[in-house]
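Predicted, not measured: the structure shown is a model, and the values here were computed from it. Reckoned from all heavy atoms, side chains included, excluding hydrogens, waters and symmetry mates.
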Amino acid sequence: MPIAETIHLTVPSGHKIYFASDFHLGAPDRIRSRERERTVVQWLEAIRQDVSALFLVGDVFDYWFEYKHVVPKGHIRLLGKLAALADAGIPIYYFTGNHDMWMRDYLQEELGAVVNRNAVRFEVSAGRKMTSLLVGHGDGLGPGDRVYKGLKQLFESPLARFAYRQLHPDFATRLALAWAKSSRAANNQKGEDQFKGEDQEWLFGYCKEIEAQLHHDYYVFGHRHLALELPVGANSRYINLGEWFSDPNRCPYAVLDENSLRLEFFTP
C-alpha cells in the first residue's frame with residue numbers, strides 16, 4: 001500500500017501522545033460494555049493533564065453505522081469525555097477498523113476528529129527528537145486473508161452502504177451485532193487471537209515490506225487483539241495495541257514522549 005501523505009505533529013514539553021484501540025464498546029452485552037466504557041473514561045481522565053494528541057486506532061465500537069440523522073445508541077460517557085478533550089484543544093485522530101468502517105462524518109462534526117480510513121505516516125517532533133510513525137487499524141494489510149479483503153472491498157462500496165442504509169436501524173443493529181458475535185466466536189475457536197509466530201503474523205510482515213521501502217521508527221496498529229512489541233529492523237519496531245475486551249484489569253495502550261514510544265497498561 002503506498003503511503004499517500006505525511007502529517008507533522010509537535011509535542012509540547014512535558015506532554016505525550018497516547019494511542020489505544022479495540023475497546024469494542026457494545027459487546028458482549030450492555031452491562032459489560034458499560035463497565036468497559038467507564039474504564040476507558042477513567043483512562044482518558046488519567047491522561048488528561050499531559051495528552052497533546054489522542055489516537056483511537058479502530059474498533060472503538062463493536063458496531064457503528066451512520067444514517068443521515070441517526071447514530072448508534074449508547075456510548076454517551078465516552079463521547080462526552082472525548083467532546084471535553086476536543087473542547088480543550090486536544091486533537092483526536094480516529095482510524096476506522098473492521099467493526100466501525102461505516103463511520104461517516106459524525107465524529108468530525110461533533111468532535112473535530114480527523115477520521116482516517118487507511119494507514120497514515122506521521123512525523124512527530126518531541127523535544128529535540130523527530131520520530132516517524134505509520135499508524136492504522138491494520139485489517140486487510142499484509143499477505144493472506146483474501147476472503148476478508150474481498151468482503152471489506154464489498155462492504156466499503158457505495159452500493160453496499162446505500163443498500164444497508166435502507167434497513168431500519170433497529171433491525172440493522174441486531175443483524176450487525178449478531179454477525180460480530182458469531183465472527184468473534186469463530187475466531188476464538190480457531191485461536192486467531194494467539195501469537196502465530198513472526199512468519200505468520202500478517203501485519204508484522206506488512207511492516208517489514210513497508211520498512212524495506214520507507215523507514216519508520218514505529219509501526220502502530222490494532223486489530224490483532226494482541227499487545228505486542230517486535231523489532232522490524234535495527235532501528236524500527238512494530239507495536240500492536242491489543243484490546244480492552246478480555247482483561248478489564250490490564251488494558252493496553254501506547255504512549256509517545258520525547259524518549260520513546262512504548263506499550264503500557266492501565267488498571268482501573
Novice: Would you check if Thr131 and Glu123 make a side-chain contact, meaning some heavy-atom pair closer than 4.5 Å?
Specialist: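 Thr131 does not reach Glu123 side chain to side chain.
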Novice: Are Asp50 and Asp257 close enough that some pair of their side-chain heavy atoms sits under 4.5 Å apart?
Specialist: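 Of all side-chain heavy-atom pairs linking Asp257 with Asp50, none is under 4.5 Å.
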Novice: Residues in side-chain hydrogen bond (donor to acceptor under 3.5 Å, both in side chains) with Thr10, at least two apart?
Specialist: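 By the side-chain hydrogen bond (donor to acceptor under 3.5 Å, both in side chains) rule, Thr10 matches no residue at all.
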Novice: Once salt bridge (Lys or Arg N to Asp or Glu O under 4.0 Å) is applied, what residue pairs with a partner in residues 229-244 remain, sequence neighbours excluded?
Specialist: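 Passing the test, one end in residues 229-244: Glu229-Arg237.
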Novice: To the nearest 0.5 angstrom, please state how far the OH atom of Tyr206 sits from the OH atom of Tyr219.
Specialist: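 Between Tyr206 OH and Tyr219 OH, I get 8.5 Å after rounding to 0.5 Å.
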Novice: Which residues pass the salt bridge (Lys or Arg N to Asp or Glu O under 4.0 Å) test with Asp170, sequence neighbours left out?
Specialist: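 Expected list: none.
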Novice: For Asp22, what residues pass the side-chain hydrogen bond (donor to acceptor under 3.5 Å, both in side chains) criterion, not counting sequence neighbours?
Specialist: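 Expected list: His24, His225.
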Novice: Should Leu56 and Ile7 be counted in the same cluster of Ile, Leu, Val, Met, Phe, Trp and Tyr side chains packed under 4.5 Å apart?
Specialist: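 In one cluster with Leu56: Ile7, no.
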Novice: Do Val60 and Val51 share a hydrophobic cluster (ILVMFWY, side-chain heavy atoms under 4.5 Å, transitive)?
Specialist: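 Yes, it is one cluster - the side chains of Val60 and Val51 are joined through contacts under 4.5 Å.
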Novice: Would you say the side chain of Asn116 lies within less than 4.5 Å of the side chain of Asn118, judging by non-hydrogen atoms?
Specialist: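 A side-chain contact under 4.5 Å is absent here.
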Novice: For Arg161, check salt bridge (Lys or Arg N to Asp or Glu O under 4.0 Å) against everything at least two apart and list the hits.
Specialist: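 None.
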Novice: Looking at residues at least two apart in the chain, or sitting in another chain, which of them share a salt bridge (Lys or Arg N to Asp or Glu O under 4.0 Å) with Asp247?
Specialist: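 Result, salt bridge (Lys or Arg N to Asp or Glu O under 4.0 Å) vs Asp247: none returned.
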Novice: Could you see if Tyr63 belongs to whatever hydrophobic cluster contains Tyr106? Use Ile, Leu, Val, Met, Phe, Trp, Tyr and a side-chain cutoff under 4.5 Å.
Specialist: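 No, Tyr63 does not connect to Tyr106 through the hydrophobic network.
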Novice: Keeping Arg117 on the side-chain end and Met103 on the backbone end, is there a donor-acceptor pair under 3.5 Å?
Specialist: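 Side chain of Arg117 to backbone of Met103: a pair is present.
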Novice: Determine whether a donor-acceptor pair (N or O, by modelled atom type, separation under 3.5 Å) exists between the side chain of Arg36 and the backbone of Phe23.
Specialist: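 Yes, Arg36 side chain to Phe23 backbone: donor-acceptor pair under 3.5 Å.
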Novice: Rounded to the nearest 0.5 Å, what separates atom CH2 in Trp64 from atom CG in Asp59?
Specialist: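 Trp64 atom CH2 to Asp59 atom CG measures 13.5 Å (nearest 0.5 Å).
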Novice: Heavy-atom distance under 4.5 Å between the side chains of Pro28 and Phe245, does that happen here?
Specialist: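 When only atoms from C-beta onward are counted, Phe245 and Pro28 do touch, with a gap below 4.5 Å.
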Novice: Count the heavy atoms of every other residue, nucleotide or ligand shown that sit under 6.0 Å from CG of Asn235, and state whether that count exceeds 12.
Specialist: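 Counting neighbours around CG of Asn235, 12 or fewer heavy atoms of other residues, nucleotides or ligands fall under 6.0 Å, so no.
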Novice: Does a donor on one side chain sit under 3.5 Å from an acceptor on the other, for Asn98 and His223?
Specialist: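 There is such a pair between these side chains.
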Novice: For Glu264, check salt bridge (Lys or Arg N to Asp or Glu O under 4.0 Å) against everything at least two apart and list the hits.
Specialist: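 Partners of Glu264 under the salt bridge (Lys or Arg N to Asp or Glu O under 4.0 Å) test: Arg262.
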Novice: To the nearest 0.5 angstrom, please state how far the CG atom of Leu228 sits from the CG atom of Asn240.
Specialist: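 Nearest 0.5 Å value for the CG-CG distance: 5.5 Å.
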Novice: In terms of hydrophobic clustering (I, L, V, M, F, W, Y; side-chain heavy atoms under 4.5 Å; direct or indirect links), are Ile239 and Ile47 co-clustered?
Specialist: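 Cluster IDs for Ile239 and Ile47 differ.
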Novice: Are Leu85 and Leu111 side-chain neighbours, meaning at least one heavy-atom pair lies under 4.5 Å?
Specialist: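 Answer no - side chains too far apart.
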Novice: Roughly how far, to the nearest 0.5 Å, is CZ of Phe204 from CG of Leu230?
Specialist: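 If we round to the nearest 0.5 Å, Leu230:CG and Phe204:CZ are 5.0 Å apart.
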Novice: In a check of ring-ring contact (aromatic ring centres under 6.0 Å, His included) between Tyr253 and each of Phe19, Trp43, Phe265, which one passes?
Specialist: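 Result: among Phe19, Trp43, Phe265, Trp43 is the only option passing the ring-ring contact (aromatic ring centres under 6.0 Å, His included) with Tyr253.
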Novice: If hydrophobic clusters are built by linking Ile, Leu, Val, Met, Phe, Trp and Tyr wherever their side-chain heavy atoms come under 4.5 Å apart, do Leu79 and Leu54 end up in the same one?
Specialist: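 Yes, Leu79 and Leu54 fall within the same hydrophobic cluster.
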Novice: Report yes if some heavy atom in the side chain of Val120 is under 4.5 Å from a heavy atom in the side chain of Leu134; otherwise report no.
Specialist: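 Answer no - side chains too far apart.
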Novice: For Gln108 and Ala113, work out which heavy atoms get closest and say how close.
Specialist: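 For Gln108 versus Ala113, the nearest heavy atoms are CG-O, 3.2 Å.
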Novice: Could you report the tightest heavy-atom contact between Ser21 and Gly222, atom names first, then the distance?
Specialist: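 Taking Ser21 first and Gly222 second, the nearest heavy atoms are OG-CA, 3.5 Å.
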Novice: Would you confirm whether Ser52, through its side chain, and Lys16, through its main-chain N or O, come within 3.5 Å as a donor-acceptor pair?
Specialist: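 Here the side-chain-to-backbone pair exists.
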Novice: Using the ring of each side chain (for Trp, its six-membered ring), is Tyr238 parallel, tilted or perpendicular to Phe221, with breaks at 30° and 60°?
Specialist: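 Judged by the thresholds at 30° and 60°, the geometry between Tyr238 and Phe221 is tilted.
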Novice: Any chance you could lay out the side chain to side chain contact (heavy atoms under 4.5 Å, CB included) test for Ser125 and His8, step after step, and finish with the verdict?
Specialist: CA-CA 8 Å; Ser125 174; His8 299 270; over 6 Å; no
Novice: Between NE2 of His168 and OG1 of Thr173, what distance do you get to the nearest 0.5 Å?
Specialist: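 Output value for this atom pair is 9.5 Å.
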Novice: Strictly by salt bridge (Lys or Arg N to Asp or Glu O under 4.0 Å), give each pair with a member in residues 63-82 just once, sequence neighbours left out.
Specialist: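 Every salt bridge (Lys or Arg N to Asp or Glu O under 4.0 Å) pair that includes a residue of residues 63-82, provided the two are not neighbours, is Glu45-Lys81.
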Novice: Under 3.5 Å, is there a donor-acceptor pair between the side chain of Thr39 and the main chain of Glu35?
Specialist: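 Present.
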Novice: Does Ser236 reach the main-chain N or O of Val232 with its side chain, forming a donor-acceptor pair under 3.5 Å?
Specialist: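 No, Ser236 side chain to Val232 backbone: no donor-acceptor pair under 3.5 Å.
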Novice: Is there a side-chain contact between Val255 and Leu261 in this structure, where contact means two heavy atoms from C-beta onward sitting under 4.5 Å apart?
Specialist: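 They are not in contact (no side-chain heavy atoms under 4.5 Å apart), so the answer is no.
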Novice: Could you grab the distance from atom CZ of Arg224 to atom CG of Leu203, nearest 0.5 Å is fine?
Specialist: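 Going from CZ on Arg224 over to CG on Leu203, the span is 8.0 Å.
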Novice: Just jot down the side-chain hydrogen bond (donor to acceptor under 3.5 Å, both in side chains) partners of His215, sequence neighbours excluded, or say none.
Specialist: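 Checked His215 against side-chain hydrogen bond (donor to acceptor under 3.5 Å, both in side chains); matches are Glu211, Asp217.
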Novice: Is the Phe122 ring parallel, tilted or perpendicular to the Phe55 ring (thresholds 30°, 60°)?
Specialist: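 Aromatic pair Phe122/Phe55 classed perpendicular.
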Novice: Considering residues at least two apart in sequence or located in another chain, which fulfil the ring-ring contact (aromatic ring centres under 6.0 Å, His included) criterion with Phe65?
Specialist: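 With neighbours one apart ignored, the set is Tyr67, Trp102, Tyr164.
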Novice: Would you be so kind as to tabulate the donor-acceptor pairs closer than 3.5 Å made by side chains of residues 87-97, with sequence neighbours excluded?
Specialist:
{"unit_1": "Tyr94", "atom_1": "OH", "unit_2": "Asp100", "atom_2": "OD2", "d": "2.5"}

Novice: By the ring-ring contact (aromatic ring centres under 6.0 Å, His included) test, which pairs, at least two apart or in different chains, include something from residues 68-91?
Specialist: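 Every pair satisfying ring-ring contact (aromatic ring centres under 6.0 Å, His included) with a residue in residues 68-91: Phe61-His75.
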Novice: Give the C-alpha distance, both sets of side-chain angles, the deciding distance and a yes or no for side chain to side chain contact (heavy atoms under 4.5 Å, CB included) between Leu226 and Glu201.
Specialist: CA-CA 11 Å; Leu226 289 169; Glu201 287 288 337; 4.1 Å; yes
Novice: Is any side-chain heavy atom of Ile31 closer than 4.5 Å to one of Arg34?
Specialist: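 Side-chain contact under 4.5 Å: no.
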Novice: After noting the C-alpha distance and the side-chain angles of Leu25 and Asp62, does the key distance pass the side chain to side chain contact (heavy atoms under 4.5 Å, CB included) rule?
Specialist: CA-CA 5 Å; Leu25 296 181; Asp62 201 52; over 6 Å; no
Novice: So which heavy atom on Ala254 is nearest to which on Leu241, and how close?
Specialist: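 Shortest heavy-atom separation between Ala254 and Leu241 comes out as CB-CD2, 3.5 Å.
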